[in-house]
Each structure stands twice: as C-alpha cells, then as structure tokens.
Amino acid sequence: SGDSAPLEEAMAVLQHHDAVSGTSRQLVANDYARLLAAGWRPGQVLLSNALARLSGSKEAFSICPELNISVCPLSQTSARFQVAIYNPLARKVDRMVRLPVSAGAFLVKDPSGHAVPSDVLLLPQPEGQKPSPELLFSASVPALGFSIYSVARVSLQNPKAHSPERIPQKSR
Amino acid sequence: TGVLVIQNEYIRATFNPETGLLMQIEDLEQKLVLPVSQAFFWYNASTGDERSGQPSGAYIFRPYGLKPLPVSRWAQIRVLKTPLVQEVHQNFSAWCSQVVRLYRGQRHLELEWTVGPIPVGDKWGKEVISRFDTPLDTKGYFYTDSNGREILKRRRNYRPTWKLNQTEPVAGNYYPVNTRIYITDGKKQLTVLTDRSQGGSSLQDGSLELMVHRRLLLDDNRGVGEPLLEEGSGSWVRGHHLVLLDAVGTAAAGHRLLAEKDVLAPQMVLAPGGGAPYQPG
C-alpha cells in the first residue's frame, strides 16, 4: 500500500531556508535528498493505486523524474505504452508532451482513439554519441482531471525524424 | 535574408546569425516589437577587498567587480523546425548552452538553459547570470514577485523606508525572484517567469538579469562553514525561463495564467498498457 506521509514529512523538513536556497552544508543537502527519495517511493505507490482506481485498470505505472534530461526507461524501451497526464489546475490545459523514445515512427492516439499530430526530433548529443530521438505531441487535459494518450511504434519505410540543422557562422 | 527567425501564430523571435544571439522579439497579434539581446555572463566572486573582507559565499552574493564577464560573445547554433515546434540550439561554451523554443500555439518564448559544471580551475568563483538587454526606458524601476503573490516595485539604489547608502552596487540591487521579474517603459512589458526561486535585478535601464548557477571557492563566514562547492566536477543545472512580451495593460493576465500553468504543470505517469481490470478489493 502507498503512503504520502513520508513525502509530506520530508517536504515539511525541506521548508527550512537552507533547503529552499541551497545554503546547507553538503552533508545536510545529502540528507535532504535522502529524505525526499525515501518519501518518493511510497508516494509513487499511492499515486499508482489512485490512477488504477480512476482508470479502472491495474498497471505497472512508471514516473520519469529525469524527463528534463530526456531519460525515461519505459518510453525509451517500449514499442507501445500509455501516457496518463494529470492536470492539477482548475481549468483545461493544452500541453506539449516530450518523451525520449527509441528510433522509429510513432502513432499517438488521444483518449477517444483519434490520432493526434506528432513529431520525432533527433536531438544533438556529444560527439561520438548517437542522436537521441524525442517524441513530441500536443495533449489536452481537463480541469482537475487526467487524459490517457496511447503511443505505439509503427513500421514505416522511411520514418521521418527532424534533426537540428547547423547554421554556418564565420569562424572566430 | 541575413537573419534567423523562429515564429508561430503569435510570436516571432529573431537571431543574429553572426553571433547566434537572440536580437528581437515580436508579438504578432499586438504588433509589438522589442529588440532584446540575451546572453550568459558571470560575476567573479569576491574573495574580500580593502573595503571589506567579506567573500562571496553560500549566503552572501558579493561580486568582485561591477561588470560581469560574458561566457561567450557568440553561440554556435543549430535550428530545428517542425510543424509542432521551432527551436534554436545555442552552444555558448563547454559548460553553458540553451535551447530557445517556440511551440505551436504558444504565446511565450521558452529559454531552456543548461549550465555547469562551472569550471573553477582558474581559482575564480563564478556566479552565472542570464541577462536580457533592451532599449526600454525603465527609469531605474523593475518588478519582482514575493512568493508568487504580490508584485513589488523595486527601484535601483533605493529603499522606500530609509535613506540608502549603497555600498554594493550589484548585490545591493539584487532581489528574490520566486516566479517572475519584469521591466516596463509604461507601454511595453518584458516579463520573465522562472521555474525556481532565483536572484534577479535590473542594473541598467532596460536590462534584466537572473542568476542561474554559482560555484564558489570560499566560505562566507555566515555559519555554513564550507564553500558552495560541490564535490567532484561540480553540479550542472537545467531550467527554463518563459519570456513574455506584452502591452502593459494586458501583461498581468498573461503572466498570471502562464505562471499558474508552469508551477502547477501537468504530471505524467507512464504505463506499458494492457493491465488487469482494477477491482476495489
């Protein structure tokens, strides 16, 4: 069973000005991180249970806290997956969703099964590394509610992926 | 055409192809144009001087000089244009890069910056800022929020309740920015929304800056007992600034709604799909 209390307690401790402003000693910062991680785990279970109940289906839900650096093991390794998007605002929100994926073309469907426009972007990586593909699509989420989008890799002869183009500049 | 442009239905951002830097933002609906130069700079952290032995540290921001140094005067750029997004990838140095992004239907410009690990091999502590320079005549005023609630009017080298003897021309004009900072000339307003609390200021009319990262070599003797210096190679941070150009009369509605969307952003949970039906038991 899930529990939100450890995360709530960690957040209460992290109201301290040292945690907010980052002025703590390194060993204290490490302890703040430990508290957050310990609170995160049972919180994630609670969230999964709530989503299973609301969506009517038990799933191995996975949260990707490293999406800001384009890391999400489930979307990067699966040919087919679902994306549940929860909107905490009391008004409808349209949002671009960006997910790291494996190479290929993808079909994204909205909650009513209609295909939505999507792009695969190939982002530049440090030299010697392969470009990392990211799937981009627009999602619409109701007020204080969630939408579930489904993503599936499709086989295309020539899947189209967009790469950033280098702009020639005078050498300096 | 000699310029590089990304554009959607509402905004056009123009870049100088020589320097790779942002040089103009246009609001196409309201027909507003604002020349904006944005780049990254760093303040050399003070180690104490003849006026005061106070070094810059975790609690105290005290730069050595008034003028920050540019991380680079130009950026290597790449451009990506798709039906859903247009991006300019700017690489300023090995430790500083940025993506300027415009999604379809979006009324703001997104600047996603990545800074770090800050090199300190030269034995200089560094405090890195993102600075926006515009020709707006702001008459010494700028605005910052207080915990995302009240917007407070700030005036350079001035305090409303006492006669200020400004001894720190840079740090003495820095204020907390929890969600937003803006400058205006009474007609146009340039607002920058942050995704985390940062220090910010306007040290010149028409200019606006936010501190995005810092790495320091000395303790400031205020109780922490150690310098703000991560172990190993140092930390790197990624965040974003959302930039809005608006007419003064409509700016508040724009930045309030956008800040709400950013602070209470939708949360994503992924699942492989095909799970068993949920039973309350």
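We name chains A, B, ... by the order of the sequence lines, and we start the count at 1 in each one. Since the structure is predicted, the reported quantities are computational estimates derived from the model, not experimental observations.
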Before you tell me yes or no, could you show the steps for B:Glu260 and A:Arg91 under salt bridge (charged side-chain N to carboxylate O under 4.0 Å, His left out), namely the whole-Å CA-CA distance, both residues' side-chain angles and the distance that decides it to 0.1 Å? CA-CA 10 Å; B:Glu260 267 184 9; A:Arg91 58 185 157 95; 2.9 Å; yes

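- Using a 4.5 Å heavy-atom cutoff, the side chains of B:Lys261 and A:Leu89 are in contact.
- Within the 4.5 Å cutoff, the side chain of B:Gln76 has heavy atoms near those of the A:Arg166 side chain.
- If you measure heavy-atom distances from B:Ala75 to chain A, the contacts under 4.5 Å come from the backbone alone.
- Looking only at side-chain heavy atoms (C-beta outward), B:His89 and A:Leu123 come within less than 4.5 Å of each other.
- Atom CE of B:Met268 is separated from atom CD1 of A:Ile63 by 11.0 Å, given to the nearest 0.5 angstrom.
- Looking at B:Arg104, both its backbone and its side chain come within 4.5 Å of chain A, counting heavy atoms on both sides.
- For B:Lys81, the NZ atom sits in a packed shell: over 12 heavy atoms of surrounding residues, nucleotides or ligands are nearer than 6.0 Å.
- Interface remark: B:Pro83 contributes backbone and side-chain atoms alike to the contact with chain A (heavy atom separation under 4.5 Å).
- Proximity to chain B (any heavy atom under 4.5 Å) is shown, for A:Ser48, by neither the backbone nor the side chain.
- Summarising the geometry of A:Pro117 relative to B:Leu84, their closest heavy-atom pair is O-CD1, 3.8 Å, with the distance given to 0.1 Å.
- Residues B:Tyr103 and A:Arg95 bring no donor and acceptor atom of their side chains to less than 3.5 Å of each other.
- The contact between A:Asp18 and chain B is made entirely by side chain atoms (from C-beta outward), counting heavy-atom distances below 4.5 Å.
- When heavy atoms are compared at a cutoff of 4.5 Å, A:Ser24 approaches chain B solely by way of its backbone atoms N, CA, C and O.
- Within 6.0 Å of atom CD in A:Glu165, 12 or fewer heavy atoms from other residues, nucleotides or ligands are found, so the atom counts as exposed in its surroundings.
- Looking at A:Leu122, there are no atoms closer than 4.5 Å to chain B (heavy atoms on both sides), in backbone or side chain.
- Closest of all the heavy-atom pairs between B:Leu270 and A:Ser75 is CD2-CB, 3.7 Å.
- Contact record, A:Ile69 with B:Arg238: CA-NH1, 3.5 Å, taken as the closest heavy-atom pair.
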B:Glu230 vs A:Arg25, test: salt bridge (charged side-chain N to carboxylate O under 4.0 Å, His left out). Steps then yes/no. CA-CA 10 Å; B:Glu230 291 86 8; A:Arg25 276 169 181 260; over 6 Å; no

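- Residue B:Leu80 comes nearest to A:Ser163 through the heavy atom pair CD1-C, 3.4 Å, listed as atom of the first residue, atom of the second, then distance.
- Looking at B:Ser197, neither its backbone nor its side chain comes within 4.5 Å of chain A, counting heavy atoms on both sides.
- For chain A, the nearby parts of B:Leu264 are the backbone and the side chain; heavy atoms of each come within less than 4.5 Å.
- Within the 4.5 angstrom heavy-atom criterion, atoms from both the backbone and the side chain of A:Val83 approach chain B.
- When heavy atoms are compared at a cutoff of 4.5 Å, A:Ser62 approaches chain B by way of both its backbone and its side chain.
- Looking at A:Tyr149, neither its backbone nor its side chain comes within 4.5 Å of chain B, counting heavy atoms on both sides.
- Contacts between A:Ser55 and chain B at a heavy-atom distance below 4.5 Å are absent for every atom of the residue.
- Residues B:Pro272 and A:Glu59 meet the side-chain proximity criterion, which asks for heavy atoms closer than 4.5 Å.
- The closest side-chain heavy-atom distance from A:Arg98 to B:Arg101 is below 4.5 Å.
- Within the 4.5 angstrom heavy-atom criterion, atoms from both the backbone and the side chain of B:Leu257 approach chain A.
- Residue with the most contacts toward chain B among A:Val97, A:Asn68, A:Asn87, A:Asp119: A:Asp119 (heavy-atom pairs, distance under 4.5 Å).
- Other residues, nucleotides and ligands contribute over 12 non-hydrogen atoms within 6.0 Å of the CZ atom of B:Arg196.
- Of the residues considered (A:Gln44, A:Gln26, A:Arg80, A:His17), A:Gln26 shows the highest number of contacts with chain B, using heavy-atom pairs under 4.5 Å.
- Heavy atoms of B:Glu226 lying under 4.5 Å from chain A belong exclusively to its side chain.
- For A:Val93 against B:Pro266, the heavy-atom pair with the smallest separation is CG1-CG, 4.0 Å.
- Heavy atoms only, all atoms of each residue included: A:Phe61 and B:Ala271 are closest at CD2-CB, 3.8 Å.
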